[in-house]
Chemist: 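One structure coming up, written as structure tokens, with questions to follow.
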Number of protein chains: 2
Amino acid sequence: MLTYSFAQIGKKPLYEALYDFIREDIRTGAIKAGERLPSRRALSAQLGVSAITVEAAYGQLIAEGYCHAIPKRGVFASSLGAAAPLRPATPPVTSEAPPPLQYRYDFATGNVRPEDFPFDTWRRLMRRIQNEQAADLLSPVPAHGAPVLRDAIAAHLGAFRGLSVPAENIVIGAGSEQLTMLLPALLGRDRTYCVEDPGYGRIRRAYEASGATCVACPLDGAGIAPETLRGAGGDILHISPAHHFPTGRIMPISRRYELLAWAAEREGRYIVEDDYDSELRMTGRMIPTLMSIDAAGRVLYMNTFSKTLTPTIRVSYLVLPDTLAARFRERLGFLSSTVSSFEQYTLAAFIAEGYLEKHINRMRSKYRRRRESLLAVLKSEPLRGKLEIQERGAGLHFLLHFHTEKSDEALTAALAAAGIRMTPLSAYYAQGGEEAEHTFVMNYTGLDPALLTEELATRLASCLQVL
Amino acid sequence: MLTYSFAQIGKKPLYEALYDFIREDIRTGAIKAGERLPSRRALSAQLGVSAITVEAAYGQLIAEGYCHAIPKRGVFASSLGAAAPLRPATPPVTSEAPPPLQYRYDFATGNVRPEDFPFDTWRRLMRRIQNEQAADLLSPVPAHGAPVLRDAIAAHLGAFRGLSVPAENIVIGAGSEQLTMLLPALLGRDRTYCVEDPGYGRIRRAYEASGATCVACPLDGAGIAPETLRGAGGDILHISPAHHFPTGRIMPISRRYELLAWAAEREGRYIVEDDYDSELRMTGRMIPTLMSIDAAGRVLYMNTFSKTLTPTIRVSYLVLPDTLAARFRERLGFLSSTVSSFEQYTLAAFIAEGYLEKHINRMRSKYRRRRESLLAVLKSEPLRGKLEIQERGAGLHFLLHFHTEKSDEALTAALAAAGIRMTPLSAYYAQGGEEAEHTFVMNYTGLDPALLTEELATRLASCLQVL
């Protein structure tokens, strides 16, 4: 006979308490497999609870398979098979990683400062869209993104990058790494993917994590040479011709044609043109895209809003040549878009209503001033003769070479001790990189302009002194 | 001698027009490789433009490699190598896919109606966060998501699902398919992934697209049997034990223990518990998770906000056992989070401040009423004896079986002609599915309650009549 006390159950509903009691008895064997449970009426009378309570508890036990009902005969305890022990109630605590050190001067990341993000406009557009386009926001979005955002990007590329592309060939994704990880599904997982060495390590790791073979290819003065690609057995080449990261080099037109010829030479060869910061080139005109001179349909254009807006918004896109756009629909069209429609619609309005262009122009001036302040500090008296600035591409970072004998490790540590965070160029090499010693990659977008003073020069000079 | 007319250049800056002219001449061979260009001063005098204009045009041509400067000798046209023809200015137009047909009654998708999304609260939280946490929104987010959202989810799982998990083991991702596509990088690409047949086809396709071998395993009455897994050589099992899609079955406790034993039996075996709609169970208590009774650390728990909020917001998450959480940090910690921090922070506040729980409770009542209205229509006079309702799991969909001899294809077409969109159960089978004939999967969350009237019964009856 089942006897349970409901005195200690607290706020739990009666039926849940009863369910817990019986479940525990079945689990421990107090009620054996095959044993018939009391009828609903009998148990209700026995425990002084309503028949509805018993009914609900039995219903749940049956739903989860602790019991089963046999019509006209009643409810029976089921066999649980090889019963596994319960999981411990308190899981082992894994502590969070310690918070990163705070540096007074951080040249290692390209963050965006709060005053540099267009919060007012963004908030206003977001509110308007939620008010006026509620049904659109809740409607399914195709795998390659909301039409309204693809249209806005196509128009932006036409006006800003001289690229005339059909909106249907654009694929929106949650960041360049996520799009990169999709590429092997589109271009073939058995292909060899070549990236630049030095280069942006996450792209190489993204290809590797997606199961593809990835080779880091050394650069000559113009970029990766076709001979190097042939030697590596490369099929797909991922490059940043407008502004190589981290060296800042611009790929000359002759090498561009050579690489296009390499791609056209054999079926299945493609070039991914990663145009990550071209819109924020600080001097001269923007560098025309490789895609704009590709007659053979072998260039995939990739860009991001990480530099023009903020990396934390997670929106990047690909522009595919026609054949690959068709293949994307066929092979990957089943996927859900990886970007929230709330952000796709807001960003579409931000671009289409001209705010992006205004914002880019404003940020170009702001960043140019920030760069000039920093360069002035670096050229000031305490540092004279101690360093050299290499700013070939004039984008959102440049290289700083110290005239010193000390190792990059010692330099990085001395700088960190002085509250200055810098990443050595050598850290961006997959192999070698000895020739890159004593050179650091200088991101300056996230710097507080108020800190670009003599103090920084003094700190840098004393670091170099001590060494 | 270079002679260019600036009469037709429109609003283009002079230096850009000059750059375009010279570039075109180099490209067509009018200026030969190696040829020396006029000095800045000479060309400026010759064309009647300022020396600064010439300087800017030459600078851009040099940056892009059309020319090169030799110190003290001047600027020379470069060799472009194997010049590829220019890309046609107007790319072939790829037309957008035709807009999907509008159905009066759409049972094929689980959309969310505009009045069912908590826009007011969402908008308010989003505004507050942009006002008060601007710096947080622009700070880098770890690969597995913003700590504030992981904390909120961990607390929600504790309160709502009886799951006590460390926030550090949670991985936020841009939808369940995106997280599924990451799994082979975490669990091994050489493993065999088993999914349910019938099942949610996108999960199988996501595994395949990520390069893994995926086997669709037939179900017995309780789900996939361990013998079936052994026969398929399965290593990883992806299931929805709380509410199988599309049959609605709940996996009985005995089969749960059997599968946990199967997983513990050999190194590298794991179970992905896809708990996609458990929070919206319409009757009884929620079904306890498989993870909560897993003593061996072989269960990965997966859930989504697609059902509780909207699929278009693209936020899902995994809870990893400790060993896999450590492996994620090591192998995939380099990735950027795939969800915008704007949405991560808003969702975190939405959960932590109790709005999610309230919203779920409200939606449970609303959906329950919607389901009851629909069931009342289906049980009404014109349809008596013509169909049978199978609603085992009582979640956000149920099955509708028609007593008819006609094929699913003919039925689907007749329904579509009557403005009714339904997906046959047989469409969810990878193999076979003959026994599923005449049964349809009924999603009802997106239905307009005002349309759940006699008219629907009449339309359905006349479809069945005609057949």
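Just so it is clear: chains get the letters A, B, ... in the order the sequence lines come, proteins before strands, and each one is counted from 1.
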Chemist: Can you tell which part of B:Ser139 gets under 4.5 Å to a heavy atom of chain A, answering side chain, backbone, both or neither?
Modeler: backbone
Chemist: Could you walk me through whether A:Met126 and B:Gln130 satisfy the side-chain contact (heavy atoms from CB on, under 4.5 Å) test, starting with their C-alpha distance in whole Å, then the side-chain angles of each, then the deciding distance to 0.1 Å, before giving a yes or no?
Modeler: CA-CA 11 Å; A:Met126 199 153 234; B:Gln130 292 191 31; 4.0 Å; yes
Chemist: Could you tell me which of B:Ile26, B:Val141, B:Leu335, B:Thr310 has the largest number of non-hydrogen atom pairs under 4.5 Å with chain A?
Modeler: B:Leu335
Chemist: Which pair of non-hydrogen atoms, one from B:Ser254 and one from A:Ser79, has the smallest distance, and what is that distance?
Modeler: CB-O, 3.1 Å
Chemist: Go through the structure and list residues passing salt bridge (charged side-chain N to carboxylate O under 4.0 Å, His left out) with B:Arg128, not counting sequence neighbours.
Modeler: B:Glu353
Chemist: Test of understanding: with ring pair (Phe, Tyr, Trp, His ring centres under 6.0 Å), list the residues that count as partners of B:Phe119, not counting sequence neighbours.
Modeler: B:Phe117
Chemist: Would you give the length of the straight line joining atom CZ of A:Arg123 to atom CZ of B:Arg123, rounded to the nearest 0.5 angstrom?
Modeler: 14.5 Å
Chemist: Considering only heavy atoms and a distance below 4.5 Å, find which of B:Ala296, B:Pro311, B:Ser210 pairs most often with chain A.
Modeler: B:Ser210
Chemist: Could you pull out the closest heavy-atom pair between A:Pro114 and B:Ala134, with the gap in Å?
Modeler: CB-CB, 4.1 Å
Chemist: Output the option from A:Glu208, A:Arg202, A:Gln178 having the highest count of non-hydrogen pairs under 4.5 Å with chain B.
Modeler: A:Arg202
Chemist: Find the distance between CD1 (B:Ile313) and CD (A:Glu343) and round it off to the nearest 0.5 Å.
Modeler: 9.0 Å
Chemist: Measure distances from B:Ser176 to the heavy atoms of chain A and classify the residue's part below 4.5 Å as side chain, backbone, both or neither.
Modeler: neither
Chemist: Heavy-atom pairs under 4.5 Å with chain B: which of A:Glu64, A:Glu115, A:Met181 has the most?
Modeler: A:Glu64
Chemist: Answer yes or no: is there a side-chain heavy-atom contact under 4.5 Å between B:Arg23 and A:Pro288?
Modeler: yes
Chemist: One pair to check against side-chain contact (heavy atoms from CB on, under 4.5 Å): A:Leu80 and B:Arg255. What are the steps and the verdict?
Modeler: CA-CA 8 Å; A:Leu80 304 192; B:Arg255 176 56 54 84; over 6 Å; no
Chemist: Check whether A:Arg113 gets within reach of chain B through its side chain, its backbone, both or neither, counting any heavy atom under 4.5 Å.
Modeler: backbone
Chemist: Taking every heavy-atom pair that is under 4.5 Å apart, which of A:Asn111, A:Asp116, A:Leu186 has the most such pairs with chain B?
Modeler: A:Asn111
Chemist: If we define contacts as heavy-atom pairs under 4.5 Å, which of B:Pro241, B:Ser78, B:Gly59, B:Pro140 has the most with chain A?
Modeler: B:Pro140
Chemist: For B:Gly211 versus A:Arg189, what's the shortest heavy-atom pair and its separation?
Modeler: CA-NE, 3.2 Å
Chemist: For A:Phe334 and B:Glu177, which heavy atoms make the closest approach, and how far apart are they?
Modeler: O-OE1, 4.3 Å
Chemist: Can you tell me which of B:Leu182, B:Asn131, B:Leu332 forms the most heavy-atom pairs within a distance under 4.5 Å of chain A?
Modeler: B:Asn131
Chemist: If you take all heavy atoms of A:Thr312 and B:Phe342, which pair is closest and at what distance?
Modeler: OG1-CE1, 4.3 Å
Chemist: With a 4.5 Å cut-off on heavy-atom pairs, point out which of B:Arg205, B:Gln344, B:Arg256, B:Arg331 contacts chain A the most.
Modeler: B:Arg205
Chemist: Return the CD1 to SG distance between B:Ile253 and A:Cys67, rounded to the nearest 0.5 Å.
Modeler: 11.5 Å
Chemist: Does any backbone or side-chain atom of B:Val339 lie under 4.5 Å from a heavy atom of chain A? Answer side chain, backbone, both or neither.
Modeler: backbone
Chemist: I'd like to verify something: which residue of B:Ala209, B:Ala185, B:Ala326 has the highest number of heavy-atom pairs under 4.5 Å with chain A?
Modeler: B:Ala209
Chemist: Nearest 0.5 angstrom please: A:Arg314 CZ to B:Thr338 OG1, how far?
Modeler: 8.0 Å
